[in-house]
Amino acid sequence: MKNKRMKIARIECDLTQEQLADKVGVARQTIGLIEAGNYNPSISLCIDICKALNKSLDELFWPQD
Amino acid sequence: MFKKKKQPVDERILKESNKLYAKMFYVIQLLNLIVLLVKLVCGVPIYLYVLELMCLVVGTLIVVIDEQRKGILFVKEKDEVLQTLHEETLTKAFSVNSWIIIMGELILMLALLFFAAEYFLWVLSYFVIWMPPALMVTIASMKKGWLIWGTKKREVTGKKEFIKRLIIGSAFFGLFMAFPSIFRGGSFHPSGLLFALGMGASWGIMFYLLFMGAMKIAEKNADKNVEKQVENVEKQENENCQN
C-alpha cells in the first residue's frame, strides 16, 4: 500500500525525493520505493525520515483504518 | 536504542546485494572445490592449490564463528531478521574469499615468474574461481540498479575514493605489465618506465570509462525498477477500488 502521508509530509516540507534521500542518507530510489509502499524501511531509517519531515512515527508509518 | 549516527550505505541496496553475495559465497566455494580436485588429480605442487585450501577453510570458519557469535548457527527455520544476519555472514565470508583469491593470485604470479615459471599457466585457474562470481555480481548490480552512489555526499567522497584506488591500481598494473621491460637482461632500463606509464594510464582510463558507464546504466535501471514497482502498486490499488 502506498505511503501517501509520507509523500504529503515531504511536499509540505518543500523537499524533493532526492533532497530527502540526501538528508537521511539513502538513495533517491529508496525514498520512491518507501512512498510506493514497496519497501519496508528499518526502524532507524523510519526515525530518520520522521526527524527530517518533523513528524512522529505514528503520523507517517502507523497504518490507517 | 535505535540511535544510529551514520548510515554507511543505503540499507535497501545493502540488504538486496547481500542476498546475492550470500549466494555467491556458495558459488565461489564450489568453484574452489572443483579447481582443487582438478589440481589434486593432476598432481601439481601444494603451493598451486594452497589458496583454494585457504578459502575453503577460512570461508567455512568465518561462517561457523560468526554465526555461533550471533547465536544462529544451527537455527534451521530463519525468520526475516535471522535470514538477514545469515546473509551478512555469508557476504563477509565471500568478501574474504575474494580477497584471498585475488591477492594470493597476484603474489603467486610474481613468485612463479621468479621461481617456477613452468607452472605459470596454472595461475589461469584462479580466473575460473573469481571471474564467474565477479561477472554475476557486476551484471546483477547494473541490472537491478545497485551500482549507484545514493546521496550527493556519498557521490563526492565515493568519486574521490574511486580515483585514488584507480591510480594505485593503474600504477600497479603498469609496473606489473612492464616489469620484464624495466628489468631486461637482469639490468634496470628507465625506458621501461615509460612503457609502464603508458600501460597504467591506458588501463586506468579504460577502467574509469567502463565503471562510469556501468554506473549510468545502473542509475537508469534503478529508476526503471522504481517506476515499474510504483506502476504495479497503482494498478493494484485501482483494481482494489473497482472491486
Side-chain angles (χ1 to χ4, degrees), chain A, chain B residues 1-19 79-81 83-85 88 141-158 215 217-241:
Chain A
M1 205 174 74
K2 268 184 157 186
N3 192 337
K4 285 177 187 156
R5 284 171 293 163
M6 184 176 141
K7 191 173 181 175
I8 292 165
R10 175 174 61 75
I11 293 166
E12 276 172 1
C13 287
D14 208 16
L15 290 173
T16 62
Q17 283 188 346
E18 194 170 3
Q19 286 165 333
L20 177 60
D22 276 342
K23 273 192 162 191
V24 298
V26 294
R28 170 174 48 84
Q29 291 84 357
T30 300
I31 298 295
L33 285 172
I34 297 170
E35 286 183 355
N38 263 24
Y39 173 66
N40 286 329
S42 69
I43 191 75
S44 58
L45 180 54
C46 288
I47 291 170
D48 287 344
I49 291 170
C50 288
K51 279 181 184 168
L53 300 178
N54 297 315
K55 296 278 179 189
S56 67
L57 279 170
D58 276 8
E59 283 173 306
L60 290 190
F61 295 104
W62 195 257
Q64 281 174 320
D65 293 327
Chain B
M1 188 168 84
F2 298 114
K3 205 172 178 184
K4 204 170 76 176
K5 276 272 172 206
K6 215 172 92 184
Q7 284 175 320
V9 276
D10 186 303
E11 61 166 50
R12 175 184 61 89
I13 296 173
L14 188 71
K15 263 189 217 166
E16 284 179 11
S17 52
N18 277 359
K19 269 184 197 164
D79 61 18
E80 192 191 329
V81 178
Q83 187 59 30
T84 307
L85 291 174
E88 274 175 15
S141 301
M142 280 166 61
K143 216 171 160 186
K144 303 207 174 197
W146 300 333
L147 203 65
I148 52 175
W149 296 116
T151 63
K152 286 248 168 67
K153 204 174 158 190
R154 214 173 286 141
E155 187 176 343
V156 175
T157 50
M215 288 210 75
I217 294 171
E219 183 87 41
K220 270 186 195 167
N221 285 340
D223 286 333
K224 256 189 218 167
N225 289 342
V226 174
E227 274 167 30
K228 212 194 238 174
Q229 291 190 42
V230 172
E231 260 173 39
N232 285 343
V233 171
E234 278 171 356
K235 210 189 268 177
Q236 221 170 4
E237 280 187 352
N238 284 343
E239 277 172 11
N240 288 345
C241 281

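Lettering follows sequence order; numbering is per chain, from 1.
Contact record, A:Gly32 with B:Val230: O-CG2, 4.4 Å, taken as the closest heavy-atom pair.
Here NZ of B:Lys228 is found 12.5 Å from CG of A:Asn38. Values are rounded to the nearest 0.5 Å. With values rounded to the nearest 0.5 angstrom, A:Thr30 atom OG1 is found 6.5 Å from B:Ile148 atom CD1. Summarising the geometry, atom CG belonging to A:Leu45 is positioned 8.0 Å from atom CG belonging to B:Asp10; distances are rounded to the nearest 0.5 Å. Atom CD of B:Glu227 is separated from atom CD of A:Gln29 by 10.0 Å, given to the nearest 0.5 angstrom. Rounded to the nearest 0.5 angstrom, B:Glu11 CD and A:Asp48 CG are separated by 9.0 Å. The distance from the NZ atom of B:Lys152 to the CZ atom of A:Arg28 is 9.5 Å, given to the nearest 0.5 Å.
In the displayed structure, B:Lys15 atom NZ is contacted under 6.0 Å by more than 12 heavy atoms of other residues, nucleotides or ligands. Residue B:Asn232 places its CG atom among more than 12 non-hydrogen atoms of other residues, nucleotides or ligands, all under 6.0 Å distant. Heavy atoms from other residues, nucleotides or ligands lying under 6.0 Å from CG of B:Asn238 number more than 12.
Heavy atoms closer than 4.5 Å to chain A are found in the side chain of B:Glu237, but not in its backbone. Within the 4.5 angstrom heavy-atom criterion, no atom of B:Gln236 approaches chain A. For A:Glu18, the part lying near chain B is the side chain, with the backbone staying farther off; criterion is any non-hydrogen pair under 4.5 Å. With a 4.5 Å cut-off on non-hydrogen atoms, B:Val226 touches chain A through its backbone and its side chain both.
Listed for the B:Arg154 side chain is a donor-acceptor partner under 3.5 Å among the backbone atoms of A:Gly25.
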